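Right, one structure below, let's go through it.
None of these values were measured; they are calculated from a predicted model. Below, read A as the first sequence line, B as the second, and so on, with proteins coming before strands; counting in each chain starts at 1.
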Amino acid sequence: MTTTPQAVRRASPRKRRPATPAAPDPSAGLLPQPAPVRLLNPDGTSLPSRDDYPEPPVEVLREMYRRMVVGRRFDAQATALTKQGRLAVYPSSRGQEACQVGAVLALRDNDWVFPTYRESVALTARGIDPVEVLTLLRGDWHCGYDPAGRRTAPQCTPLATQCVHAAGLAYGESYQGRDTVALAFIGDGATSEGDFHEGVNFAAVFKAPVVYFVQNNRYAISVPLSRQTAAPALAYKGVGYGVPSEQVDGNDPVAVLAVLTRAVAHARAGHGPFLVEAHTYRMEPHTNADDATRYRDANEVEAWRDRDPVVRLEAHLRARGVLDDAGVAAIAEEAEAYAAGLRDRMNAQPAVDPLSLFDHVYAEPTPQLVEQREQVRAELAAAEEEGA
Amino acid sequence: MATMTMAKALNAALADAMLDDDRVLVFGEDVGQLGGVFRITDGLQARFGDKRCFDTPLAEAGIVGFAVGLAMSGLRPVVEMQFDAFAYPAFEQIASHVAKLRNRTRGALSVPIVIRVPYAGGIGGVEHHCDSSEAYYAHTPGLKVVTPATVEDAYSLLREAIDDPDPVVFMEPKKLYFTSAEAELPARREPFGTAVVRRPGTDATLVAYGPAVPVALAAAEAAREEGWDLEVVDVRTIVPFDDATVAASVRRTGRCVVIQEAQGFAGVGAEIAARVQERCFHALHAPVLRVSGLDIPYPAPMLEHTHLPSVDRVLDTVARLQWDDQPDSRWLARGSAA
Ligand SMILES: Cc1ncc(C[n+]2csc(CCOP(=O)(O)OP(=O)(O)O)c2C)c(N)n1
Ligand SMILES: [Mg+2]
């Protein structure tokens with residue numbers, strides 16, 4: 001073994017001036033790694049394994065692939081439903097499947113998820129009925145699933161407001177002796193909102209078991225990341241609140257699941273919140289109603305096509321011998337059936353009841369609401385009589 | 001019977017609620033060790049521990065949003081906004097989540113939280129410490145809005161608010177915190193959702209709430225000298241509003257003045273006046289009139305008395321209730337303003 005001059009110097013400390021011991025860096029352990037964690041190359045080949053983020057079990061990765069494929073097919077179907085006028089609007093998850101499915105797989109069923117409007121694929125991956133997921137966008141009610149039963153908050157539209165709810169829910173659960181973790185999704189743009197900062201800060205101060213999961217897809221509608229922050233990366237926003245943070249390649253499914261698994265374990269072990277930033281890309285416009293060509297270059301989109309998370313995971317699983325043509329075909333078939341079922345069910349016109357408008361404003365309707373309900377009931381009766 | 005302040009009654013209500021239900025948590029800015037800047041939470045931390053009564057970071061949206069999450073986990077948060085105008089950062093959480101979560105989820109989630117807001121002026125407070133912000137909340141479906149005017153009601157209404165399955169914005173008139181009265185606690189006459197006749201009378205009804213109630217009572221007292229026997233109705237819960245009690249009073253008296261401390265335009269008093277007119281038209285001998293704060297930003301302390309509804313302003317308004325069957329000369333003046 002050869003020794004460098006430097007090593008020699010280090011080996012003889014008596015030659016150094018007696019120095020006051022260096023103060024420990026209080027930010028150590030909080031800062032993210034300078035580059036996003038990555039375990040797979042874009043072509044699906046493995047990078048050297050690492051101790052801090054061990055690769056998740058291969059059967060979990062296979063399940064991840066299945067849910068990503070089904071989720072992508074769901075997403076395409078939802079976009080098609082907007083064209084048929086069945087949905088008022090749809091914000092696509094395409095390109096972000098590794099993040100959305102990874103988050104769900106990192107959690108237990110009784111953990112809580114706080115999704116935004118972007119997270120339809122996370123919700124279907126959680127097993128929520130896709131028709132219930134699309135209720136908000138179809139327009140028959142604001143939330144179609146049972147959030148208490150599914151441990152999934154309604155998809156949140158006012159940006160970042162869910163970050164504080166997650167802190168409160170997680171603290172409340174631990175206060176009552178339960179080991180629930182809450183995972184709050186948030187977009188890059190929304191990290192500029194005050195409630196993101198208040199949420200992370202509350203979670204840190206109260207040591208609430210929350211994972212804040214930023215999907216940095218580079219745009220907030222048209223506004224690019226450079227207009228949101230001058231930070232080196234959004235993951236650096238944790239250190240100011242005393243929250244350990246990490247950044248990950250959000251199109252590397254294996255790395256996303258590995259990093260989120262560690263973040264969830266950190267929270268569940270009682271160490272407080274953890275912030276993860278996933279670098280990813282929204283392949284579609286903000287919603288079907290948006291024209292992304294006005295603010296981003298086709299070449300940019302093309303470059304991200306080469307980093308497709310579904311393709312990447314498929315290649316990896318094939319290389320590991322746990323997925324073959326038959327397996328891929330079977331999953332594709334399942335996804336087709338899922339989409340066909342969704343299409344059929346979304347073709348039926350949902351029943352809406354105007355009188356139900358008064359049911360859940362308060363636990364019991366106020367006298368004023370009772371009056372208004374009577375008025376609407378009379379209007380409906382009159383209209384029916386006229387029509388009859 | 002003991003003499004106590006409204007502040008003490010509120011404090012007792014919090015303590016009793018915490019004693020009865022260990023899901024009740026009290027938090028906000030300076031509410032722990034200090035006991036709140038108005039001492040409403042005095043002694044709660046010492047008695048119930050710092051897990052049940054605690055300080056938070058200074059972030060009102062955070063405080064209310066945190067309460068939403070705690071309520072989702074089954075707890076009963078009671079939060080303090082330090083002053084009326086400092087609740088505005090929380091408005092998005094209140095309007096978009098607290099008020100709507102039950103409706104959004106068809107009852108699967110509810111937010112039984114109480115947001116305590118010390119409000120209104122008359123205490124010589126500097127800017128941002130004297131706003132009457134009740135109309136913002138009252139205009140938001142899904143919220144209940146409550147404001148006590150007496151010591152016993154302060155206790156009872158706060159207990160009701162904490163027990164209520166819906167979110168309640170509990171507006172505490174700062175200028176009444178340190179008024180005292182004989183009170184027997186626990187006074188609980190289930191006053192939620194009901195207005196009360198504070199003083200019976202036959203000639204006209206003064207409808208008031210919160211800090212305007214003592215003004216109405218003083219005006220009614222002074223009116224006796226002018227030969228008017230005025231009834232005073234204390235609204236107590238702005239939402240849900242007790243149309244029945246208010247309308248019954250006005251039908252008896254035939255005349256009505258609505259008094260609020262808040263600026264008048266698009267205020268709660270306007271809503272009350274409209275509701276009275278809709279329900280009592282044939283019983284009315286005069287238009288429903290309003291006495292309110294001026295339509296100005298809350299003034300500096302040395303000018304606040306011009307702004308606040310006074311006994312004289314109430315009496316002047318009562319005088320315009322067309323007692324001799326003459327139309328109000330103010331509305332006959334030339335010009336287009338009328
Ligand atoms: C408080 C608030 N302001 C503005 C909007 C309108 N809006 C909806 S989505 C969006 C962009 C958010 O971007 P980002 O956080 O990056 O999430 P992404 O849509 O990219 O997933 C905006 C401005 C909103 N929903 N809430
Ligand atoms: Mg974005």
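- Of the two parts of A:Leu357, only the backbone, made up of N, CA, C and O, holds a non-hydrogen atom closer than 4.5 Å to a non-hydrogen atom of chain B.
- Other residues, nucleotides and ligands place more than 12 heavy atoms under 6.0 Å from the CG atom of A:Asp353.
- In terms of heavy-atom pairs under 4.5 Å with chain A, the best-connected choice from B:Val64, B:Asp242, B:Leu143 is B:Leu143.
- At a 4.5 Å heavy-atom cutoff, the contact between A:Glu173 and chain B is made by backbone and side-chain atoms alike.
- Ranked by non-hydrogen atom pairs under 4.5 Å with chain B, the options A:Asn201, A:Val164, A:Leu369 are led by A:Val164.
- Heavy-atom minimum distance, A:Asp195 versus B:Ala61: OD1-CB, 3.3 Å.
- For A:Cys163, no part sits under 4.5 Å from any heavy atom of chain B, backbone or side chain.
- For a residue to count as touching a neighbouring chain, one of its non-hydrogen atoms must lie under 4.5 Å from one of that chain's; by this rule B:Phe241 touches chain A with backbone and side chain alike.
- Between B:Asp55 and A:Phe206, the shortest heavy-atom contact is O-CZ, 3.8 Å.
- Within a 6.0 Å radius of NE2 in B:His139, other residues, nucleotides and ligands contribute 12 heavy atoms or fewer.
- Note: B:His97 leads B:Arg275, B:Met72, B:His97 in heavy-atom pairs under 4.5 Å with chain A.
- Within a 6.0 Å radius of NE2 in B:His128, other residues, nucleotides and ligands contribute 12 heavy atoms or fewer.
- Ring geometry for A:Phe202 versus B:Phe66: interplanar angle of 30 to 60°, hence tilted.
- Side-chain contact between B:Arg52 and A:Tyr175 is present, with heavy atoms from C-beta onward closer than 4.5 Å.
- Only the side chain of B:Leu25 comes within less than 4.5 Å of a heavy atom of chain A; its backbone N, CA, C and O stay farther away.
- Contact annotation for A:Glu371: only side-chain heavy atoms (C-beta onward) come within less than 4.5 Å of a heavy atom of chain B.
- When the heavy atoms of residues 142-151 of chain A are compared with those of chain B, the residues falling under 4.5 Å are A:His142, A:Cys143, A:Gly144, A:Asp146, A:Pro147, A:Ala148, listed by number.
- Between chain B and the residues A:Glu364, A:His165, A:Glu198, A:Gln176, the largest count of heavy-atom pairs under 4.5 Å involves A:His165.
- Side-chain N or O atoms of A:Arg178 include one that pairs as donor or acceptor with a backbone N or O of B:Ser73 at under 3.5 Å.
- Proximity to chain A (any heavy atom under 4.5 Å) is shown, for B:Lys100, by neither the backbone nor the side chain.
- When the candidates B:Ala108, B:Pro89, B:Gly142 are compared by the number of heavy-atom contacts under 4.5 Å with chain A, B:Gly142 comes out ahead.
- Of the two parts of A:Val205, only the side chain, counted from C-beta on, holds a non-hydrogen atom closer than 4.5 Å to a non-hydrogen atom of chain B.
- With a threshold of 4.5 angstrom between heavy atoms, A:Asp359 does not approach chain B through any atom at all.
- In this structure, the portion of A:Pro154 lying under 4.5 Å from any heavy atom of chain B is its side chain and not its backbone.
- Side chains of B:Gln93 and A:Thr161 form a contact here, defined as non-hydrogen atoms less than 4.5 Å apart.
- Contacts of B:Ser110 with chain A are absent, with no heavy-atom separation under 4.5 Å from either backbone or side chain.
- In terms of heavy-atom pairs under 4.5 Å with chain B, the best-connected choice from A:Gln368, A:His197, A:His360 is A:His360.
- In this structure, the portion of B:Leu109 lying under 4.5 Å from any heavy atom of chain A is its side chain and not its backbone.
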side-chain contact (heavy atoms from CB on, under 4.5 Å) between B:Asn103 and A:Trp141, intermediate numbers included: CA-CA 9 Å; B:Asn103 187 256; A:Trp141 203 263; 3.9 Å; yes
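- Heavy-atom pairs under 4.5 Å with chain B peak, among A:Pro367, A:Ser356, A:Ala363, at A:Ala363.
- When every heavy atom of A:Tyr362 is checked against every heavy atom of B:Asp166, the shortest pair comes out as CB-OD2, 3.3 Å.
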